[in-house]
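We count residues from 1, following the sequence as given.
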Amino acid sequence: MDLALLRTFVTVHRAGSFTRAAALLGLSQPAVTSQIRTLERQLGRPLFLRQARGVTPTTIGDELAHKAAPHLDALVEIAETGLDDDSSLRTLHLAGPPEFTAERALPALTELTGEDGQGFALRASFGNAEEALEGLAAGHHDLAIGTARPRGALLTATPLCDEEHVLVAAPQWTERAGPDQLRHTAAPDLEHVPVVEVHESLPFVARYWASVFDARPAAPGTVVAPDLRAVLACTVAGAGLAVLPRYLCAEALERGEVVALHDPAVPPLRTYFLVVRTGTLAMPHIARAHEWLLRAAADWS
């Protein structure tokens, strides 16, 4: 059986669409359709049911994908790594948001690097959720961390951890209203406080306001920096209020560099997912990193 046909089949199975598979493979849609038809003629069985939007695998198609995908992924890795590489280390490519990946995932995974016969080399890429998932689907990454569960059969997501968001500002911003009034009123008056955010659309502040106050924030962004660590630094410096993950601002809260402006009964949470291409957990280094991150996340608070 032609391995090229199997590779196209597995890509269509994961993508759930001839069009999407063609883009991932760098082929035209008619070429992908032709290869699938050729494979179906060779097997004498239909592998997909054509629908208005994409395709659905038949039972035979699911069985073939389950058997073939891990082996094809292993062959691709061999081809990409090279047989003449004298290093025993595999390389794990990780993608995710810069702050969470740098503060949480990378420190955990570095324990698995090294030359103990089971370790791997580690390469990290930073980007937003869409970029990470697109890179994962295209085979540029082995693992992706994001805050959205991907759709379709191409990618498999596992909940990793929940992230609590805290409304904070430097202590001087509580002088215009007593701390108790700010922390315990249903909707504290914060219109006079500038906003520090990662984007002009105020994604963190707007989500907090909608969840906790059932309202929209009134103040526009005064300082906008596309990294939560920069947002924290500006907040500590007194630039205004910000909504930050608790893990990122916990030390600043403990040192009194920032204070929590509100104490909701139910704090807003955001769930992170650990995402892989379907079938790739059969590869030992990906499976080990996946399991290690899930174990590490159990201790994250």
Less than 4.5 Å apart, side chain to side chain, heavy atoms only: is that true for Pro217 and Tyr208? no
According to a 4.5 Å side-chain heavy-atom criterion applied to Ile, Leu, Val, Met, Phe, Trp and Tyr, with indirect links allowed, do Leu106 and Tyr247 form part of one hydrophobic cluster? yes
Arg14: partners by salt bridge (Lys or Arg N to Asp or Glu O under 4.0 Å), with sequence neighbours left out: Asp73
Does Trp173 belong to the same Ile/Leu/Val/Met/Phe/Trp/Tyr cluster as Val223, with side-chain heavy atoms less than 4.5 Å apart forming each link? yes
Roughly how far, to the nearest 0.5 Å, is the CZ atom of Phe273 from the OG1 atom of Thr147? 8.5 Å
Heavy-atom pair of closest approach, residues Val10 and Ala69: CG1-CB, 4.0 Å
Is any side-chain heavy atom of His290 less than 4.5 Å from a side-chain heavy atom of Thr158? yes
For the residue pair Arg277 and Asp142, establish whether any side-chain heavy-atom pair is separated by less than 4.5 Å. yes
Is it the case that the ring center of Phe100 lies less than 6.0 angstrom away from the ring center of Trp300? yes
Could you tell me whether Phe204 and His199 have their ring centroids closer than 6.0 angstrom? no
May I ask you to decide if Ala121's main-chain N or O and Thr91's side chain share a donor-acceptor pair within less than 3.5 Å? no
Ion pair present between Arg270 and Glu163, side-chain N to carboxylate O less than 4.0 angstrom? yes
Salt bridge Glu40-Arg50, side-chain N to carboxylate O under 4.0 Å: yes
Take the angle between the ring planes of Trp209 and Phe213 and call it parallel below 30°, perpendicular above 60°, tilted in between. perpendicular
Looking only at heavy atoms, what is the nearest atom pair of Pro46 and Ile60, with distance? O-CB, 4.3 Å
Between Thr113 and Leu109 (side chain of the first, backbone of the second, donor and acceptor by atom type, cut-off under 3.5 Å), is there such a pair? no
Only one of Leu281, Leu274, Thr278, Val275 clears side-chain contact (heavy atoms from CB on, under 4.5 Å) with Thr156; which? Thr278
Apply side chain to side chain contact (heavy atoms under 4.5 Å, CB included) to the pair Ile286 and Met283, showing each step before the final yes or no. CA-CA 6 Å; Ile286 298 178; Met283 304 173 73; 3.9 Å; yes
Please walk me through it: do Leu160 and Leu294 pass side chain to side chain contact (heavy atoms under 4.5 Å, CB included)? CA-CA 6 Å; Leu160 180 61; Leu294 290 176; 3.8 Å; yes
Do Val32 and Gln29 make a side-chain contact, defined as non-hydrogen atoms from C-beta onward lying under 4.5 Å apart? no
Derivation and outcome, side chain to side chain contact (heavy atoms under 4.5 Å, CB included), residues Val224 and Val196: CA-CA 6 Å; Val224 176; Val196 187; over 6 Å; no
For Val231 versus Ala225, what's the shortest heavy-atom pair and its separation? CG2-O, 3.7 Å
Looking at Arg255 and Glu251, is there a salt bridge between them, counting it only when a charged N and a carboxylate O are closer than 4.0 Å? yes
Over all atoms of both residues, closest heavy-atom pair of Ala108 and Ala296: CB-CB, 3.9 Å
Say whether, by atom type as modelled, one donor and one acceptor occur between the side chain of Thr110 and the main chain of Pro107 under 3.5 angstrom. yes
Start with the C-alpha distance between Glu103 and Arg229, add both sets of side-chain angles, then the distance that settles side chain to side chain contact (heavy atoms under 4.5 Å, CB included), and finish with yes or no. CA-CA 10 Å; Glu103 299 290 330; Arg229 291 164 295 189; 3.8 Å; yes
Taking side chain as C-beta onward, heavy atoms only, is Arg207 less than 4.5 Å from Leu202? no
Side chain proximity check, Pro57 to Leu47, heavy atoms < 4.5 angstrom: no
Atom CD of Glu130 with >12 non-hydrogen neighbours under 6.0 angstrom: no
Side chains of Ser125 and Leu94: closer than 4.5 Å at any heavy-atom pair? no
May I ask whether Leu3 and Leu27 are part of the same hydrophobic cluster, defined by side-chain heavy atoms of I, L, V, M, F, W, Y residues being less than 4.5 angstrom apart, directly or through others? yes
Phe18 and Phe48 aromatic ring geometry - parallel, tilted or perpendicular at 30°/60° bounds: perpendicular
Could you tell me whether the side chain of Glu99 and the main chain of Leu228 form a donor-acceptor pair under 3.5 Å? yes
Are Ile36 and Leu49 connected in the hydrophobic side-chain network, where two residues link if heavy atoms are under 4.5 Å apart? no
Minimum heavy-atom distance between Ala68 and Leu6, given as atom pair plus value: CB-CD2, 4.4 Å
Check whether any side-chain heavy atom of Glu131 sits under 4.5 Å from a side-chain heavy atom of Phe126, and report yes or no. no
